[in-house]
Amino acid sequence: MKPIDKARVLVTGGSKGIGQAIAEVFAEHGHDLVLVARSEDRLEDTARRIRERTGVDVLTIPMDLTGDGSAEKLFAHVEQAGLHIDILVNNAGVGMTGAFAQGDQQRMTQMLRLNMLVLSELTRRFLPPMLARGKGRILNVGSVVAYFSGAPNWSAYVASKHYVLAFTRGLSRELRNTGVAATVVSPGTTATDFVETADAASMRAYQASGGVSVEAVARTAYRACQKGRTAVVPGLFNKVLAFLGELPPRAIAFEVFAFLSQKTDTH
Ligand SMILES: NC(=O)c1ccc[n+]([C@@H]2O[C@H](COP(=O)([O-])OP(=O)(O)OC[C@H]3O[C@@H](n4cnc5c(N)ncnc54)[C@H](OP(=O)(O)O)[C@@H]3O)[C@@H](O)[C@H]2O)c1
């Protein structure tokens, strides 16, 4: 597809990590931004740096996306600001590792809400105006773990990323010939605060691979999104993992990922 010029791009979780890197790549290409995250200070710092470096317009909206009616509130906020969104980047997501039965129940609910429900509600809200204009992109941030049929130690997180992959694949086909496209980028281990908040540092998967830099993930995501590709996996190691994960018999791939999902400090 033809890349969209001078788009207004909304990035959830745009204050740091992969979301910030994606926002920076869009800004380098001259696109204006709306950044959403909870921490107002960090959001403003990121916005200031991007404005100074690239000169693009950046609106910040501090918001907890797991709050009631967040998608509706965010859409209304953007409308009130007189803006329309050409590219929605559903990046905000959290992880959780460890034995499922002992995991914090509230954290689990918030994770599933953010990773699946909020992503879907935001897409439902921002997609129809894109279709009406015949132009737009939805860029969802999934994970390479979605290509495996499941994984112990982060079973709910992995399943939430299955949702992102399957949802985007289906939506992408629905959107054919509309001028709007949906893309899922599926990073592997990437050095961000996610590793700490998800308590994933001692997992073999995080120790085994050097990971792909956030900048490389962001550039891959940008290109795939602009081209309207359905799915992209950044980095050769992750591409191999994703390929293996979909090969039959999937039971073998399951065992590979079960090994990678072990924590070296508890096993
Ligand atoms: N890092 C990895 O190894 C890796 C691998 C595969 C996939 N991913 C995916 O990549 C995405 C981004 O993760 P990351 O690695 O960049 O993590 P990160 O550095 O922790 O960034 C997460 C971003 O989401 C925001 N956020 C978190 N909870 C939120 C909420 N309730 N409401 C609004 N914003 C919220 C954070 O800001 P506040 O905390 O200020 O709200 C931050 O901007 C996630 O979907 C994750 O699943 C990460």
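Order of appearance sets the numbers: ligands from 1, and atoms from 1 within every ligand.
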Salt bridge [X]-[Y], side-chain N to carboxylate O under 4.0 Å:
| X | Y | value |
| --- | --- | --- |
| Arg219 | Glu28 | yes |
| Arg113 | Glu121 | no |
| Asp45 | Arg42 | no |
| Glu196 | Lys16 | no |

Atoms in ligand 1 flagged as close to [X], the criterion being non-hydrogen separation under 4.0 Å:
| X | value |
| --- | --- |
| Asp64 | 30 (C), 31 (N), 32 (N) |
| Ser15 | 37 (O), 42 (C), 43 (O) |
| Met63 | 32 (N), 33 (C) |
| Ile18 | 10 (O), 15 (O), 16 (O), 48 (C) |
| Thr189 | 3 (O) |
| Tyr157 | 7 (C), 8 (N), 46 (C), 47 (O) |
| Ser39 | 40 (O) |

Practice problem: Please identify each residue that fulfils side chain to side chain contact (heavy atoms under 4.5 Å, CB included) with Ser186, with sequence neighbours left out. | Solution: Tyr147, Val184, Val233

Ignoring hydrogens, just give me the one of [options] whose non-hydrogen atom is nearest [atom].
| atom | options | result |
| --- | --- | --- |
| atom 13 (O) of ligand 1 | Gly17, Gly93, Ala198 | Gly93 |
| atom 32 (N) of ligand 1 | Leu65, Thr66, Val217 | Leu65 |
| atom 26 (N) of ligand 1 | Ala92, Ala191, Ala146, Gly67 | Ala92 |
| atom 9 (C) of ligand 1 | Leu43, Leu35, Val141 | Val141 |

Would you say the side-chain atoms of [X] pair up with the backbone N or O of [Y], donor to acceptor, closer than 3.5 Å?
| X | Y | answer |
| --- | --- | --- |
| Arg125 | Phe75 | no |
| Arg51 | Val58 | yes |
| Thr12 | Asn91 | yes |
| Ser15 | Leu43 | no |

Quiz prompt | With Asp199 via side chain to side chain donor-acceptor pair (under 3.5 Å) - residues at least two apart | solution = Lys263

Is the closest heavy-atom distance from [X] to ligand 1 below 4.0 Å?
| X | answer |
| --- | --- |
| Gly142 | yes |
| Gln110 | no |
| Gly95 | no |
| Lys16 | yes |
| Gly188 | yes |
| Gln20 | no |

Do [X] and ligand 1 have an N or O pair less than 3.5 Å apart?
| X | result |
| --- | --- |
| Val195 | no |
| Leu114 | no |
| Ser143 | no |
| Thr197 | no |
| Ala37 | no |
| Arg38 | yes |

Self-check item: Tyr157 and Phe194 aromatic ring geometry - parallel, tilted or perpendicular at 30°/60° bounds
Solution: tilted

Quiz item: What class does the angle between the rings of Tyr222 and His29 fall in, given that below 30° is parallel, 30 to 60° is tilted and above 60° is perpendicular?
Solution: parallel

Exercise. Answer yes if Met108 and Val145 sit in the same cluster of Ile, Leu, Val, Met, Phe, Trp and Tyr residues linked by side chain heavy atoms under 4.5 Å apart, and no otherwise.
Key: yes

Quiz item: Does Leu175 belong to the same Ile/Leu/Val/Met/Phe/Trp/Tyr cluster as Tyr163, with side-chain heavy atoms less than 4.5 Å apart forming each link?
Solution: yes

Self-check item: Protein contact to atom 11 (C) of ligand 1 [nearest heavy atom, distance to 0.1 Å]
Solution: Asn91 O, 3.2 Å

Quiz item: Nearest protein heavy-atom contact for atom 17 (O) of ligand 1: which residue, which atom, what distance?
Solution: Phe194 CB, 3.5 Å

Self-check item: Among Asn115, Thr66, Thr197, the one residue meeting side-chain contact (heavy atoms from CB on, under 4.5 Å) with Val94
Solution: Asn115

